[in-house]
Amino acid sequence: MARAENAGFATVYGHTSTPDEWDEYEWSWTGTLTRWALDHPGPDGEAALAAAREHRDLWLGGYRGFLGFVTLLLRQS
């Protein structure tokens with residue numbers, strides 16, 4: 001918020017995601033990428049599947065529970 005406000009914005013609303021919302025976000029995008037990869041065999045599919053697995057492993061085995069997501073509604077001041 002400080003960076004946004006220092007750039008001339010006022011914060012009029014904020015939402016910090018719950019751990020369940022953050023999990024939903026992570027599962028949604030890694031799952032979508034995995035489904036796409038399985039439907040598109042070949043080098044692109046293999047690369048996408050590797051990226052999804054690598055990210056999922058970093059999330060589940062690393063930053064899950066430590067990193068969150070915030071949405072700010074800003075208005076130019």
Side-chain angles (χ1 to χ4, degrees):
M1 283 184 3
R3 288 183 75 181
E5 290 181 354
N6 287 339
F9 294 94
T11 304
V12 296
Y13 180 79
H15 173 80
T16 303
S17 296
T18 66
D20 288 342
E21 289 171 325
W22 187 247
D23 282 349
E24 178 65 25
Y25 168 80
E26 292 286 357
W27 280 118
S28 177
W29 89 259
T30 57
T32 298
L33 188 56
T34 298
R35 282 190 297 279
W36 184 90
L38 294 173
D39 290 340
H40 297 85
D44 290 341
E46 291 170 16
L49 188 57
R53 287 178 174 161
E54 179 181 356
H55 181 85
R56 184 196 60 210
D57 291 347
L58 288 171
W59 161 53
L60 292 174
Y63 67 84
R64 185 173 186 235
F66 297 99
L67 182 65
F69 197 81
V70 64
T71 302
L72 300 175
L73 179 60
L74 304 172
R75 183 172 170 181
Q76 202 159 22
S77 44

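Any value given below was found using the heavy atoms of this structure, including those in side chains, with hydrogens, waters and symmetry copies removed.
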### Query
To the nearest 0.5 Å, what is the distance between CG (L38) and CZ (R35)?
9.5 Å
### Query
In Å and rounded to the nearest 0.5 Å, what is the OG1 to CZ distance from T34 to R56?
6.5 Å
## Note on the structure
What one should report as the nearest heavy-atom pair of G45 and A37 is O-CB, 3.2 Å
### Task
Looking only at non-hydrogen atoms, find the nearest pair between T30 and A52 and report the distance.
O-CB, 3.8 Å
### Query
CG/L73 to NE2/H15 distance, rounded to the nearest 0.5 angstrom?
13.0 Å
### Query
Do W27 and E24 have side-chain atoms, one donor and one acceptor, less than 3.5 Å apart?
no
### Query
Is there a side-chain contact between W22 and T16 (heavy atoms, below 4.5 Å)?
no
### Message
Can you confirm whether or not the ring centre of H40 sits under 6.0 Å from the ring centre of W36?
### Response
yes
### Task
Would you name the heavy atoms of L72 and G14 that are closest together and state the gap between them?
CD2-CA, 4.0 Å
### Task
Find out whether W59 and D23 are in side-chain contact, i.e. whether some heavy atom of one side chain is under 4.5 Å from a heavy atom of the other.
yes
### Message
A quick test of your reading: do over 12 heavy atoms of other residues, nucleotides or ligands sit less than 6.0 Å from CD of E54?
### Response
no
### Query
Does Y13 belong to the same Ile/Leu/Val/Met/Phe/Trp/Tyr cluster as M1, with side-chain heavy atoms less than 4.5 Å apart forming each link?
no
### Query
Would you say T11 and F9 make side-chain contact, with heavy atoms under 4.5 Å?
no
